[in-house]
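Worksheet for the structure shown next.
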Amino acid sequence: MDCQNLVFSPKQSKKRIEKAIRVLPSIILRKIIFFSLYLLGARIKTIASLVDIPEVSGKTTIHRVMKDGISAFIDRRQPPKSYVAHIPPQTQQQVFQASVLLEDEYCIILFGDSKHQLKIPLSHKVHLKSVLLSLLLANMLPINEVSSVLDITIAHCRNLAARLKNEDVTEVLIDKRQGQKKDYLVDQNVKADLIQHFVARTITGHSTSSNKLSELINNTEQTNISSRTIRWHINKMGLVKIIKTLPELIQALKKKS
DNA sequence: GTGACAAGAATAATGCCAGG
DNA sequence: CCTGGCATTATTCTTGTCAC
């Protein structure tokens with residue numbers, strides 16, 4: 001694989017590694033990077049000094065992965081252990097009445113002792129945000145823990161919490177991204193052309209295969225739309241359903257007139 | 001606080017391929 | 001050969017980050 005044109009951003013690297021390290025133990029992460037760089041053709045000696053793994057250990061990892069697959073990234077001499085996310089140490093002296101810890105797929109919020117706790121699935125993002133930010137507003141949780149668990153910056157954390165004072169959860173916490181709103185290849189002209197050809201050919205008994213239609217449309221509209229896309233739009237507009245009924249309807253109308 | 005940029009979510013387009 | 005289901009990639013738009 002030729003990586004000569006790849007540009008590596010130290011800034012992005014730092015950011016992404018900091019994120020990954022919350023989930024993967026450092027040594028496993030470094031082994032993965034070692035193996036990836038090896039696959040991409042870097043010199044083993046150079047990789048070893050970059051990821052801070054002895055050259056021989058790196059070579060062992062490569063051989064083990066080649067032999068045993070993914071499981072070889074983990075030091076199998078050690079008993080399997082669950083990894084708890086790293087939470088930066090508290091800097092403030094203030095005593096908080098609650099604390100959070102991450103366990104499997106849950107965020108557990110402890111109030112005083114383990115008898116009073118909230119267990120919220122990490123996948124319930126809005127719920128989790130709402131509760132943690134509310135506890136932050138009540139001064140029951142330190143902001144660095146909240147921002148760490150929610151994986152947002154402290155500044156943004158403050159921002160969201162402040163907004164929650166005046167706006168409802170739906171305004172502040174629910175994602176309103178809507179994505180693409182209109183077809184960008186198949187515009188009105190193409191659709192008109194598609195319907196016209198489809199109908200004319202259905203009535204006259206010509207083939208309405210997506211291959212034929214895309215060919216016709218691309219010729220008149222000067223486009224390069226794939227037959228698969230044409231099929232997708234034919235289906236989306238429900239045109240398939242009129243293949244049988246349309247000629248019958250035409251016949252019926254002709255008889256009446 | 002602002003604006004540029006990256007990342008993430010939703011949807012459109014497309015590749016692949018089993019089955020009619 | 002042709003269609004359509006599923007998976008992947010592309011595009012658009014919002015959210016979040018960061019430097020100033």
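Heavy atoms only: backbone and side chains are in, while hydrogens, waters and symmetry mates are out. In what follows, every chain begins at residue 1, and chains take the letters A, B, ... in the order their sequences are listed.
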>> Looking at dG16(C), I'd like to know if its phosphate oxygens (OP1 or OP2) sit under 4.0 Å from a side-chain N or O belonging to T153(A).
In response: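 So the side-chain polar atoms of T153(A) never come under 4.0 Å of the phosphate oxygens OP1 or OP2 of dG16(C).
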>> Under 4.0 Å from OP1 or OP2 of dC2(C): is there any side-chain N or O of S209(A) that close?
In response: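 For S209(A), the contact criterion (side-chain N or O under 4.0 Å from OP1 or OP2 of dC2(C)) is met.
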> Is the shortest heavy-atom distance from the side chain of L135(A) to the side chain of V146(A) under 4.5 Å?
Replying inline: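 In short, these two side chains do not touch, never coming nearer than 4.5 Å.
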> Are Y38(A) and I47(A) close enough that some pair of their side-chain heavy atoms sits under 4.5 Å apart?
Replying inline: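 They are in side-chain contact.
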What is the distance, to the nearest angstrom, from the [atom1] atom on [X] to the [atom2] atom on [N]?
X	N	atom1	atom2	result
I243(A)	dT3(C)	CD1	P	8 Å
R228(A)	dA12(B)	CZ	P	14 Å
W232(A)	dA12(B)	CH2	C1'	5 Å
N211(A)	dG15(B)	CG	C1'	14 Å
I152(A)	dT15(C)	CD1	C1'	11 Å
H156(A)	dG8(B)	NE2	C1'	12 Å
I154(A)	dT17(C)	CD1	P	11 Å
I230(A)	dA12(B)	CD1	P	15 Å

>> Looking at every heavy atom in both T202(A) and I242(A), which two are closest together, and how far apart are they?
In response: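 Closest approach of T202(A) to I242(A): CG2-O, 4.2 Å.
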Protein-nucleotides 7-12 of chain C N/O pairs closer than 3.5 Å?
unit_1, atom_1, unit_2, atom_2, d
dT11(C), O2, Q180(A), OE1, 3.0

> Donor-acceptor pair under 3.5 Å: do we get one between R231(A)'s side chain and the base of dG5(C)?
Replying inline: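 Answer is no: no donor-acceptor pair is held.
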>> Please determine whether residues L239(A) and L249(A) belong to a single hydrophobic cluster, defined as Ile, Leu, Val, Met, Phe, Trp and Tyr linked transitively by side-chain heavy-atom distances below 4.5 Å.
In response: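 As far as the 4.5 Å side-chain criterion goes, L249(A) and L239(A) are not connected within one cluster.
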>> Keeping R201(A) on the side-chain end and S207(A) on the backbone end, is there a donor-acceptor pair under 3.5 Å?
In response: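 Judged by distance alone, yes, a pair lies under 3.5 Å.
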> Residues from residues 185-203 of chain A sitting under 4.0 Å of DNA chain B, heavy atoms only?
Replying inline: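 By residue number: L185(A), V186(A).
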>> If you take any heavy atom closer than 4.0 Å to DNA chain B, which residues from residues 233-242 of chain A end up in contact?
In response: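 H233(A), K236(A) - these, ordered by number, are the residues of the stretch whose heavy atoms sit under 4.0 Å from the strand.
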> When rounded to the nearest 0.5 angstrom, what distance separates CG in D193(A) from OG1 in T223(A)?
Replying inline: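 So the CG of D193(A) and the OG1 of T223(A) are separated by 8.5 Å.
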> Base, sugar-phosphate alone, or nothing: which one does S210(A) contact when heavy atoms must sit under 4.0 Å apart?
Replying inline: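 The residue S210(A) makes sugar-phosphate contact but no base contact.
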>> Check this for me, if you would: do D183(A) and K236(A) make a salt bridge, where the nitrogen-to-carboxylate-oxygen distance has to be below 4.0 angstrom?
In response: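 Salt bridge present between D183(A) and K236(A).
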